[in-house]
Amino acid sequence: IHFSQTLHIHLRENKKIINTQKNFSSAAHRCMANKVFCPKLLKNLGFHVRRLNSAPSPLSAVPPLNFTGDFNAVPNLVEPAPQINTTLHHHHDHHNTNNIINFDDVKELFYGVPTTKLIRSSMTLQMAAIDPMVDLGMWIMNSKLMEMPVFREVMLGFVKTTFYEHFCAGKDLTEVRRTVTNLSDSGLKAMLDYGVEHATDNESCEQSTAAFIQTIESTKSLPESSASFVVAKITAICTPRLLKRMSDLLRWEQKDPSFNLPWKQESLPLFAESSPVYHTSSKPEPLTIEEERDLQLAHERLRKICEKCLEHEVPLLIDAEDTTIQPAIDYFAYSAAIKYHKDDQPLIFGTIQAYLKDAKERMVIAKKAAEKMGVPMGFKLVRGAYMCSEKELASTLGFKSPIHDSIEQTHACFNSCAEFMIEEIANGSGAVVLATHNIESGKLAATKAIDLGIKNERQNLQFAQLYGMADGLSFGLRNAGFQVSKYLPFGPVEQIMHYLMRRAEENRGMLSTSAFDRQLMRKELSRRLEVATS
């Protein structure tokens, strides 16, 4: 009784906060001052989980985030699930983006999501939003304490049951299959990303290639159309050292068009007039015979991956890196896109990072060149992830940062790139994945797509968010009738540790979106508790 009263008071207060907020900005700031669970609630969390899931197990036996139990088996907690809106509405206020994605009806927003997952997701996001906890965790993971077997085992066990299960799809393809099935049941698709680090030699490149091919082959055992992409990192099939050499040569060719690159295959334009080339200050030496041989091996690895994607009819999404090696990555992506596609549908999706000042110009040039060649080209549009290192490198070399001067300029660039691609799709050309956690960008893109009459069944316009983040936006876009995917990294805990550390750091940087998600989750938990106790 004491626990029930405590929970009622805690959730009722959160509900009051949510209902009095006028906009997303105020919601984010207020949430930062309100913790998800009070100490008394945490003390009694084991009882709380047993109550909501009707399971007699102790807290240590709480199902993981990919719990697949029958949610509807608890009749006093779940009402009949509303239908997903599978068509886009055309009758709306063209000047009001707030009508496109509905965050007010949390029952519809989180239908089909187990209560256990809502609780654990809210707790994990809260932990990731506490600066001292993130700082301490990152210090521990990089300290010599991790060299102590017992301590390492304890820490990895904690990470696995918290951040790993929240942000990752599993340690192997068997666990991934369960996660993808759960996503598919909730109306979301999956981008399969094997969490491999940079290759160091040809042997590790071959191992990564085999893992990518195995991931592609696994899509045939998944629910139909549940995997929207397989993600590949060029740095896993070609060493960063060789990519840096290639990028230097490509940049010098941009400076001096007469510069001959005998190894270069047909590609789309890699640079714009505004693209930074300060990384290469002097004429680089040609590739050695050994380097050219390694480059040919990398092309062969990518060929195998592309042919396997064609065979299994799953597109390939190529991740971006920092500007030091990005020209070579774009070269691989564009040269493969020219060779491999299915009719007028792109197989290869390159990545454009909107925080770079030259992002839109490069994307438009590449898109127009592909159209002129009759090549269907897809892009994934993101904001970017190498802000500190990019600024530091430019400053060291005595140049201005290639990154926009303000976050507002980055937002404007992302929205402008999204608008351009949506208009291209409406005219029957190209495809784009809008990978964003920004609610305003999601609303603007959705509104533009509906205004232009783009149907979700065309699948040339997709949205994407990281698994475990921005769930409110994912479900809101899904309910509006768009195709939405979750970016699913997978692999053993130790192998994927660097990814988890980046997510914790990134979640801190995107606290407003995380806070908004936590508030939506708490509002839904409050509603479910009221239903259960009424």
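Sequence positions, counted from 1, serve as the residue numbers for this chain.
When all heavy atoms of S228 and S485 are compared, the pair lying nearest together is OG-OG, 2.7 Å. A pairwise comparison of heavy atoms in A354 and L381 identifies CB-CD1, 4.3 Å as the closest pair. The two residues A333 and I348 make their nearest non-hydrogen contact at O-CG2, 3.6 Å. Residues L243 and C238 come closest through the heavy atom pair CD1-O, 3.6 Å. The nearest pair of heavy atoms linking V432 to L434 is CG2-CD2, 3.8 Å. Among all heavy-atom pairs drawn from S474 and L188, the shortest one is O-CD2, 4.1 Å.
A search for side chain to side chain donor-acceptor pair (under 3.5 Å) contacts involving S335 returns nothing, not counting sequence neighbours. Partners of Q462 under the side chain to side chain donor-acceptor pair (under 3.5 Å) rule, at least two apart in sequence or in another chain, are Q483. Not counting sequence neighbours, F212 has no partner by the ring-ring contact (aromatic ring centres under 6.0 Å, His included) test. Considering only residues two or more places apart in sequence or on other chains, R362 meets the salt bridge (charged side-chain N to carboxylate O under 4.0 Å, His left out) condition with D330, D358. Annotation: ring-ring contact (aromatic ring centres under 6.0 Å, His included) contacts of F399 (sequence neighbours excluded): Y278. Partners of Y340 under the ring-ring contact (aromatic ring centres under 6.0 Å, His included) rule, at least two apart in sequence or in another chain, do not exist in this structure.
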Validation: residues 370-380 side-chain donor-acceptor distances under 3.5 Å, sequence neighbours left out:
unit_1: E371; atom_1: OE1; unit_2: K367; atom_2: NZ; d: 3.4
unit_1: K380; atom_1: NZ; unit_2: D319; atom_2: OD1; d: 3.1

Donor-acceptor contacts under 3.5 Å from residues 145-153 side chains, at least two apart:
unit_1: R152; atom_1: NH1; unit_2: M146; atom_2: O; d: 3.3
unit_1: R152; atom_1: NH2; unit_2: E494; atom_2: OE1; d: 2.8

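For residues 286-297, the set of pairs meeting the salt bridge (Lys or Arg N to Asp or Glu O under 4.0 Å) definition, not counting sequence neighbours, comprises R241-E291, R245-E291. Sorted by first and then second residue, the ring-ring contact (aromatic ring centres under 6.0 Å, His included) pairs involving residues 304-335 (not counting sequence neighbours) are W263-Y331, H299-Y331, H299-F332. Sequence neighbours left out, the pairs with a member in residues 392-417 that pass salt bridge (Lys or Arg N to Asp or Glu O under 4.0 Å) are K357-D405. Contacts classified as salt bridge (Lys or Arg N to Asp or Glu O under 4.0 Å) and involving residues 220-231 (residues at least two apart or in different chains) are not found.
Contact of the C306 side chain with the L347 side chain is registered, since non-hydrogen atoms from C-beta on lie closer than 4.5 Å. Between F420 and E424 the shortest side-chain heavy-atom distance falls below 4.5 Å. Residues M246 and I325 fail the side-chain proximity criterion, which asks for heavy atoms closer than 4.5 Å. Side-chain contact between M191 and V433: present, with at least one pair of heavy atoms (C-beta onward) separated by less than 4.5 Å. Residues F271 and L250 form a side-chain contact, since some pair of their non-hydrogen atoms from C-beta on lies under 4.5 Å apart. Residues L461 and M421 fail the side-chain proximity criterion, which asks for heavy atoms closer than 4.5 Å. Using a 4.5 Å heavy-atom cutoff, the side chains of T181 and L222 are not in contact. In this structure the side chain of L287 reaches within 4.5 angstrom of the side chain of L242, judged on heavy atoms.
Two rings, from Y467 and Y487, have their centers 6.0 Å or more apart.
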Q.
side chain to side chain donor-acceptor pair (under 3.5 Å) for T235 and H198? Distances and angles first, verdict last.
A. CA-CA 5 Å; T235 53; H198 295 341; 3.0 Å; yes
(Q) Before you tell me yes or no, could you show the steps for Y386 and E321 under side chain to side chain donor-acceptor pair (under 3.5 Å), namely the whole-Å CA-CA distance, both residues' side-chain angles and the distance that decides it to 0.1 Å? (A) CA-CA 8 Å; Y386 302 94; E321 300 288 342; 2.8 Å; yes
Q: For the pair H411 and R383, evaluate side chain to side chain donor-acceptor pair (under 3.5 Å) and give the outcome as yes or no after the intermediate values.
A: CA-CA 8 Å; H411 291 332; R383 277 171 169 75; 3.1 Å; yes
Q: Using the side chain to side chain donor-acceptor pair (under 3.5 Å) rule, take S226 and S184 through it: C-alpha gap first, then chi angles, then the decisive distance, then the call.
A: CA-CA 6 Å; S226 60; S184 181; 5.1 Å; no
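When atom types are taken as modelled, the side chain of N427 and the backbone of S429 share no donor-acceptor pair closer than 3.5 angstrom. Remark: side-chain polar atoms of R301 are paired, donor with acceptor, to backbone N or O of I237 under 3.5 angstrom. Although no hydrogens or angles enter the test, the distance criterion places a donor-acceptor pair under 3.5 Å between the side chain of D201 and the main chain of E203. A donor-acceptor pair under 3.5 Å is absent between the side-chain atoms of H166 and the main chain of C168, judged by distance alone. Within the 3.5 Å criterion, the main-chain N or O of I318 finds a donor-acceptor partner in the side chain of T351. At least one donor-acceptor pair under 3.5 Å links the side chain of S208 to the backbone N or O of S204. Looking only at distances, a side-chain donor or acceptor of D517 sits under 3.5 Å from a matching main-chain atom of A470. Within the 3.5 Å criterion, the main-chain N or O of G195 finds no donor-acceptor partner in the side chain of D193. For T161 (side chain) and G157 (main-chain N/O), a donor-acceptor pair under 3.5 Å exists by modelled atom type. Remark: side-chain polar atoms of K308 are not paired, donor with acceptor, to backbone N or O of E217 under 3.5 angstrom.
Just one of R120, K171, R178 meets the salt bridge (charged side-chain N to carboxylate O under 4.0 Å, His left out) condition when paired with E165; it is R120. Of the options Q495, K233, Q214, a side chain to side chain donor-acceptor pair (under 3.5 Å) to Y194 is made by Q495 and by none of the others. Shown are D471, T179, L466; of these, the side chain to side chain contact (heavy atoms under 4.5 Å, CB included) with K486 is made only by D471. The only option from T174, L192, V176, D172 that meets the side chain to side chain contact (heavy atoms under 4.5 Å, CB included) definition with S218 turns out to be L192.
The closest side-chain donor-acceptor pair between T324 and D322 falls under 3.5 angstrom. Using a 3.5 Å distance cut-off with no hydrogens or angles, the side chains of S258 and D256 do pair a donor with an acceptor. Side chains of H279 and T323: a donor on one and an acceptor on the other come within 3.5 Å.
The pair K443-E440 fails the salt-bridge criterion, with no side-chain N (NZ, NE, NH1 or NH2) lying under 4.0 Å from an Asp/Glu carboxylate O.
For K255, the NZ atom sits in a packed shell: over 12 heavy atoms of surrounding residues, nucleotides or ligands are nearer than 6.0 Å.
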